[in-house]
Engineer: 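The structure follows.
These values consider heavy atoms only, across backbone and side chains, with no hydrogens, waters or symmetry-generated copies. For this chain, numbers begin at 1 and follow the sequence in order.
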Amino acid sequence: MSAFLIAAVVIFLIMSATVAFTVKVLSSTPARIGVVITAFAGLVIAFPPILRALDTQAPATSPPAVEQPSPQSGATGEAGAQ
């Protein structure tokens, strides 16, 4: 598995474990659970940009073209130039 995929899965598991633990601890106060779920939704919305930042396999761009100087016709000793 690639490091990117492992990082994405670990981040998602940490976020899920945090929500599960918080819901368990705050089970006696439903209003707080709503706030936590709203905060988790904010984390889920922020998840795709985090993954894009972690992705090191950006689309490859071609290197800039290097132009070679063309040989001049007088310097090459072409026959027929009299």
Engineer: Please name all residues satisfying side-chain contact (heavy atoms from CB on, under 4.5 Å) with Thr29, sequence neighbours left out, ordered by chain then number.
Structural biologist: Leu26, Arg32
Engineer: What pairs with Val35 under side-chain contact (heavy atoms from CB on, under 4.5 Å), at least two apart in sequence or on another chain?
Structural biologist: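 Here no residue qualifies.
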Engineer: Under the side-chain contact (heavy atoms from CB on, under 4.5 Å) rule, collect the residues that match up with Ile14, sequence neighbours excluded.
Structural biologist: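 If we apply the side-chain contact (heavy atoms from CB on, under 4.5 Å) test to Ile14, skipping adjacent residues, the hits are Val10, Thr18.
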Engineer: Is there a path of hydrophobic side-chain contacts, each under 4.5 Å between heavy atoms of I/L/V/M/F/W/Y residues, joining Leu5 to Leu13?
Structural biologist: yes
